[in-house]
Structure formats: C-alpha cells, structure tokens
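Computed from heavy atoms alone, side chains included, the values below leave out hydrogens, waters and symmetry copies.
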Amino acid sequence: MKYLALTLSLLLAGASTAGAQQNALRDAGIVGSLESATIVTDPAQFPKKFQEAPAMAELVKAGKLPPVDQRLPADLLVIKPLREIGKYGGTWRRAFLGPGDGENGNRIRSGDKPLFWDVTGTKLMPQVAKAYEISADGKRTTLFLRKGMKWSDGSPFTADDFVFWYEDMYQNKEVAPSASPNMTPGGKPGRVVKIDETTVAIEFDVPHFLFPALLGGDSQVGGGQSRMQSEGLAFGLYAPAHYLKQFLPKYTPVETLNAQAKAAGYANWVQYFKFKTDWRLNVDLPTVAAWKMTQPINTQTWMLERNPYFYEVDTAGNQLPYIDRVQMSLAENPEVVNLRAIAGEYDVQERFIDIAKLPVFLENAERGKYKYRLDLGFNGSDSQLVFNMSFKADPEIAKWFATADFRRALSIAIDRDQLNETFWLGIGTPGSGVPSEVIPESPGKEWIAKWSNFDPVKANALLDSVGLTKKDREGYRLRTDNGERLRIQVDVAQTLNPTWPQQVEMVIQQWRAVGISADLKLLERSLFFTRVRNDQHQMVIFSNSGSESLYLFPTLALPVDPAGSLMGTAWSQYFASSGAQGTKPDDPAMLRVFELMRNAPTMPEQQRNEAAQEIWRLIADAKWQIGLVGQAPGSQGNRIVSDRLGNIPARICISQHCRPPWSARPEQWYFR
C-alpha cells in the first residue's frame with residue numbers, strides 16, 4: 001500500500017489538469033463507474049416465497065410478530081442486489097458528531113421517500129409509491145401506494161396518512177407557520193386529495209410539472225420523515241395519522257395536551273408535538289424506512305434497528321435490509337472521525353472524510369481492512385463563501401454586502417488554484433459555483449470562470465472604485481462610518497467539513513493582499529444554523545452540493561427555504577411566502593431569480609432548463625456567493641468501505657437529491 005500511495009502521488013503530481021488527475025485516480029482503482037442494485041418492475045419476476053432475518057423469525061416464533069408474508073405488502077418493491085444475494089446479520093458501524101448531525105441519519109433512511117432516483121440521479125424510480133402519473137396539463141400528480149403496506153408498528157400505511165399530513169399538520173399554522181414553495185407553484189396553494197385507500201392525488205390550480213421530481217429528492221415534499229421535523233416545519237407529504245392524532249387539539253383537548261407537554265418538559269403542546277414528529281428523538285414514532293431509531297441522537301450512540309415491516313425484498317424473497325442495525329458512535333470532531341476511519345473502525349463512512357488525507361488512507365487500507373473510493377460530483381462548489389444579503393446588525397457591513405463590485409472584488413482576490421492543490425489534490429475545478437457544463441441547467445463553461453480568475457490588481461481597483469480608499473498603517477481598508485478597520489466575520493460549522501476552517505484561513509490571507517480584514521469564527525453546528533435562521537451571520541463557508549439540480553435542491557444556491565438561508569433568511573421567507581413575510585430584496589437581479597423560480601414549476605423541461613441557465617448567469621455575475629472549487633468528491637464523495645461488506649458500488653451518485661449513502665442502496669449491503 002505504501003507503493004500504491006507513492007505511485008498515486010506521482011501520478012497526480014504529473015497530471016496537469018483535473019481531468020488528467022481524475023484519469024490517474026481511475027487507473028489506480030480509486031474512482032470507479034456508476035453502478036447500483038436494480039429495481040425489478042416486472043411482476044412475473046417477483047418471488048413467491050419469503051424469508052426473513054433470524055431475529056425476526058424468533059419474534060414470530062414467540063408470537064410477538066406476524067409471519068413475514070403477513071408483514072410484507074401485496075405490492076412489493078423487489079431489488080436485484082448489485083452482485084449477489086446477501087446474508088442476514090451484522091452491525092453497520094459509523095460516526096456522527098452529535099445532536100446537530102441529524103442529516104447523517106436522514107440519508108440512511110431515504111427509503112421513506114415517495115419516489116427515488118436511479119444510479120445516475122436523472123430518472124425517477126418507485127420507492128414508497130409503487131408508481132405515479134402526471135396529467136397532461138401538469139396540474140395533477142397521482143401517487144399509487146402499495147396495497148397492504150404497513151408502518152413499523154404494523155399499522156396500515158394508506159392515503160389517509162397523506163390527507164392527515166395535509167389537513168392536520170401542513171394547514172395548521174401553529175405546526176407549520178409557513179407554506180412550502182413545493183406546494184405553491186406560482187404562489188397558488190396545492191391540495192392533497194384521497195382517491196381511495198392506496199391512491200392519492202396532489203392537485204394544483206396551475207401546472208406543476210416539477211412536482212414528481214420533487215418527490216424524489218431532499219425537497220420539502222420529498223424528504224420523508226426527515227422533513228417532518230425540519231427546523232420545526234411540518235413538511236414531508238405524509239405522516240403516521242394513527243400515532244400523531246392524539247397529540248393535536250383537534251383530537252385531544254388542548255388543556256390535556258398542554259399538561260402532558262409541561263409534564264414532559266415542554267412549554268406547550270406545539271413544542272411537544274414537534275418532539276413527537278422528530279424521528280431522531282422520539283423512539284415511538286413509526287416509520288416506513290429500512291431501519292427504525294431505537295436510541296436517540298442526543299446520546300453517545302445513535303442506534304437504528306431493522307424495521308420488521310419494511311416493504312422491500314430481494315429477488316430470492318428475502319425481506320430487506322440484510323444488515324440488522326446501524327450504530328453511529330459519537331466523535332468529538334471530524335479529525336477524530338478520520339483517525340478512527342484510518343484505523344478501520346467504521347464499515348461505511350462518507351461523511352467528514354478528508355480528501356487531503358487520501359495518501360494516508362491508502363497507506364493504511366490493508367491494515368484497516370477497507371477500501372477508499374472517490375465519488376466525483378457535478379456541483380460547482382464543494383466550498384463556497386456565502387454573503388448574508390439580509391444582514392442588518394451592522395449597517396456598514398450590510399452596505400458593502402449589497403454592493404456587487406465589492407462582492408466581485410473579494411471573489412477575484414482569491415487564488416482558487418492554490419486552494420485546489422492544497423485541499424483537493426488538484427482534481428477539482430476552480431470556479432464560480434456554476435455546475436459542470438455537462439448538466440443541462442448549466443449556462444456553459446465561460447460562466448464557471450465568471451468573476452473567478454485570480455486578479456488582485458483588478459480587485460484592488462474595484463474596492464477603490466466603490467469608495468473603500470482609506471487604509472490603516474497595516475494596509476487594511478477602513479470603514480466609511482467611523483474610520484475603524486473594516487472587518488468581516490466568516491462563520492464555520494465545525495462538524496461539516498474537516499478542512500473548511502483551513503480553507504477560510506487561506507482565503508483570509510489572500511484577502512489581506514487587497515486590504516480586506518476577515519476573521520474566522522468556528523461554531524458548533526446547532527449554533528451555526530441558529531445564527532443562520534436568525535440572520536445573525538455575515539458570511540459562511542458551505543457547499544452547494546445538489547444545486548446542479550437547481551429546482552430539486554436550490555437551498556444552497558439561492559435564498560428560497562423558509563426554514564432559513566445561508567444567503568439571508570429574511571429574503572428566503574419573502575420568497576417562500578410570496579411576499580407576505582420576510583424582506584423584499586432590493587437587488588433587481590434577485591427579484592428576477594425569484595420570478596424565474598416561482599414560474600419554473602409551470603414550465604415544460606426544456607423551458608425550465610433555459611430558465612435555470614439564466615438563473616446561473618445571474619448568480620455567477622452577482623456573486624451573492626463566491627464559488628471556490630467544485631466538480632470533485634469533497635462533499636460526501638470520499639468513501640471508506642470495509643472489506644467485509646458485499647454489494648458495494650464502485651461509484652455512487654453524490655448529488656443532494658441522491659441522498660448518499662442511500663444512492664448505494666444500503667438495504668442490499670451485507671457482511672460476508
């Protein structure tokens with residue numbers, strides 16, 4: 001392995017472009033080809049007899065569970081495993097970084113989405129729903145559910161769970177104070193209508209051609225139970241009516257609920273209800289995902305165990321998943337995660353793995369009994385610096401953030417090639433944050449470079465031209481209101497990317513050359529997002545992973561999420577509420593973006609792509625966020641896989657809507 005690591009280093013050192021370096025990694029067996037298990041859609045190929053995990057068989061024998069054929073739906077989801085039929089048993093060892101790391105588990109449970117994506121992330125496939133259809137005018141999407149499907153507690157899963165979510169949660173302003181843009185194309189609210197027990201329709205007054213695609217990704221209607229508790233907003237499209245009704249005033253007197261809430265340590269029934277809907281904390285909440293939470297996230301070990309009523313089987317009739325449980329062990333920080341991964345303590349870990357440690361991982365792979373895989377992305381920025389465009393706490397800072405040439409100057413004062421070589425081993429693509437030109441929504445290669453080529457001379461000239469001409473003895477530019485040094489603060493969430501602090505420090509050093517002073521503030525993840533939701537931050541570093549599918553996951557590229565936006569929560573609330581809440585942007589370019597985003601769902605695909613291209617051109621020119629380096633594996637694409645596991649793909653889709661590691665279909669992984 002030492003020889004392999006040395007060879008890899010020499011290959012990368014001799015490769016002059018990102019493409020050549022990626023080819024070197026393919027030759028070394030580190031970058032593979034996309035592959036996955038297959039969903040079988042022909043009923044003639046469905047198994048007729050069923051088997052179950054030994055632990056489930058013991059519960060059946062003891063009279064604690066019905067037989068497996070009574071737990072499975074009549075309308076099965078049948079999976080042909082990637083390489084072979086697996087074996088039952090084992091615990092998937094994994095890391096998490098505390099109560100703020102809920103996304104870690106959300107991605108493992110993506111089997112609770114109405115629809116999902118194929119291995120390429122471009123074709124919708126069945127998941128919770130066995131099929132869907134959209135009307136010719138785009139105003140009605142119909143979901144066909146699985147007959148006989150059950151929640152993890154054995155209760156029926158039906159269209160009533162969708163109607164309950166819509167009528168009792170989504171339309172309850174105390175539970176869901178903001179409407180979802182996913183449900184309001186053109187600002188007009190949609191409706192959920194029960195057709196029969198296994199058929200539900202979502203109807204709109206205007207065309208919503210985008211809606212089926214939203215059902216498959218990390219959207220507010222396609223997020224499954226992870227979106228039921230998203231920052232206290234009740235999205236998700238369905239919920240377990242039989243369980244949650246008892247916690248709503250419509251079904252239980254509010255006085256009783258408030259008394260129960262206070263006894264449990266909550267201020268009122270609303271807070272208590274939000275706890276009850278949170279799958280990360282409430283062990284009693286039923287699920288339809290492959291694994292059910294049995295030990296909550298606010299402990300040292302976050303534990304998920306097999307759902308005995310999971311609706312998938314393999315082609316031999318074995319109920320999935322093969323793996324018994326998922327055990328996530330608390331790590332103090334990303335560095336600890338990497339050290340433990342190098343030592344072989346995890347079975348599959350893609351979160352927090354540092355690409356800069358690639359040679360060390362390779363050198364220790366044989367000893368740690370794992371393989372290292374790089375899954376390349378198409379998003380434009382594994383790292384980007386985002387301005388809070390609705391920041392108001394300091395009017396002087398707000399004034400400069402609102403000045404386009406100030407933002408452009410900071411962008412071209414950054415040496416992205418240095419960042420790429422230091423933190424991405426040179427295999428990334430420096431640029432503006434615009435996705436790869438192979439993506440239909442991309443406006444083209446020239447926009448990837450827009451305001452992104454290193455030019456400190458021009459950056460200095462731009463800063464002078466906007467009025468920041470006075471400097472102190474150390475060469476830093478001075479505020480125009482009180483003559484003190486102009487300082488910008490960049491917030492960094494300490495649990496998201498192990499090298500973001502170092503990346504920000506490098507940028508800060510580069511900004512010094514043009515007289516801009518900046519400070520890094522490292523924050524615990526929950527506090528970081530609290531500051532974001534309250535518009536307390538000035539700038540942050542983050543990824544725009546998933547934004548290559550702009551309409552499926554615009555949150556990291558644009559201020560559109562009512563739960564809060566890196567670019568400005570007040571702006572995002574204005575967009576999400578169609579102007580009823582939040583603050584209207586004073587930037588005509590952003591107002592144009594909002595117009596395009598609101599109208600996009602009503603457009604056929606080609607017209608939507610053209611609108612996305614215009615949006616990306618506006619983003620690249622306005623520089624509301626400064627893209628650094630992208631089209632690399634930096635976000636979820638550095639994967640450690642135990643040699644003990646079977647049916648592991650060589651490469652997986654790492655887009656946000658693909659929800660890695662679920663894009664690798666972990667329900668069909670097994671321990672050899």
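Between the D535 side chain and the T569 main chain, a donor and an acceptor come within less than 3.5 Å of each other. Between the side chain of Y170 and the main chain of S180, a donor-acceptor pair closer than 3.5 Å is present. In terms of modelled atom types and a separation under 3.5 Å, the side chain of S152 and the main chain of T287 share a donor-acceptor contact. The main-chain N or O of Q489 is found under 3.5 Å from a side-chain atom of Q538 such that the two form a donor-acceptor pair.
Here the two rings, on W151 and F157, have centers that are under 6.0 Å apart. For F247 and Y251, the gap between ring centers reaches or exceeds 6.0 Å. The aromatic ring centres of F542 and W500 sit less than 6.0 Å apart. Residues W279 and W302 place their aromatic rings such that the two centres sit under 6.0 Å apart.
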**OP:** Begin from the C-alpha positions of S663 and W117 and carry the test side-chain hydrogen bond (donor to acceptor under 3.5 Å, both in side chains) through to its verdict.
**Re:** CA-CA 8 Å; S663 52; W117 296 92; over 6 Å; no
Original post:
Could you go step by step and tell me if E312 and R665 meet the salt bridge (charged side-chain N to carboxylate O under 4.0 Å, His left out) rule?
Top reply: CA-CA 11 Å; E312 291 187 22; R665 307 301 307 202; 3.2 Å; yes
**OP:** Dump the intermediate steps for salt bridge (charged side-chain N to carboxylate O under 4.0 Å, His left out) on R533 and D561, then the final yes or no.
**Re:** CA-CA 10 Å; R533 288 193 298 274; D561 191 339; over 6 Å; no
Original post:
Could you go step by step and tell me if E548 and S655 meet the side-chain hydrogen bond (donor to acceptor under 3.5 Å, both in side chains) rule?
Top reply: CA-CA 8 Å; E548 66 272 29; S655 292; 2.4 Å; yes
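Test F164, Y166, F162 against Y238 for ring-ring contact (aromatic ring centres under 6.0 Å, His included) and you get one pass: F162.
Note that the CD atom of Q625 and the CG atom of N544 stand 7.0 Å from one another [nearest 0.5 Å]. Taking CG of N172 as the start and CD of E167 as the end, the distance is 12.0 Å to the nearest 0.5 Å. Rounding to the nearest 0.5 Å places CG of L237 at 10.5 Å from CG of L214.
Side chains of H242 and D160 form no contact here, defined as non-hydrogen atoms less than 4.5 Å apart.
Sparse packing is recorded around NZ of K521, with 12 or fewer heavy atoms of other residues, nucleotides or ligands lying under 6.0 Å away. The number of heavy-atom neighbours closer than 6.0 Å to CD of E605, taken from other residues, nucleotides and ligands shown, is 12 or below.
There is a side-chain donor-acceptor pair under 3.5 Å between Q656 and R107. Between the side chains of E103 and N106, at least one donor N or O sits under 3.5 Å from an acceptor N or O.
Ring-plane geometry between H208 and F204 is classed as perpendicular, the angle between the planes exceeding 60 degrees on a 0 to 90 degree scale with a lower cut at 30.
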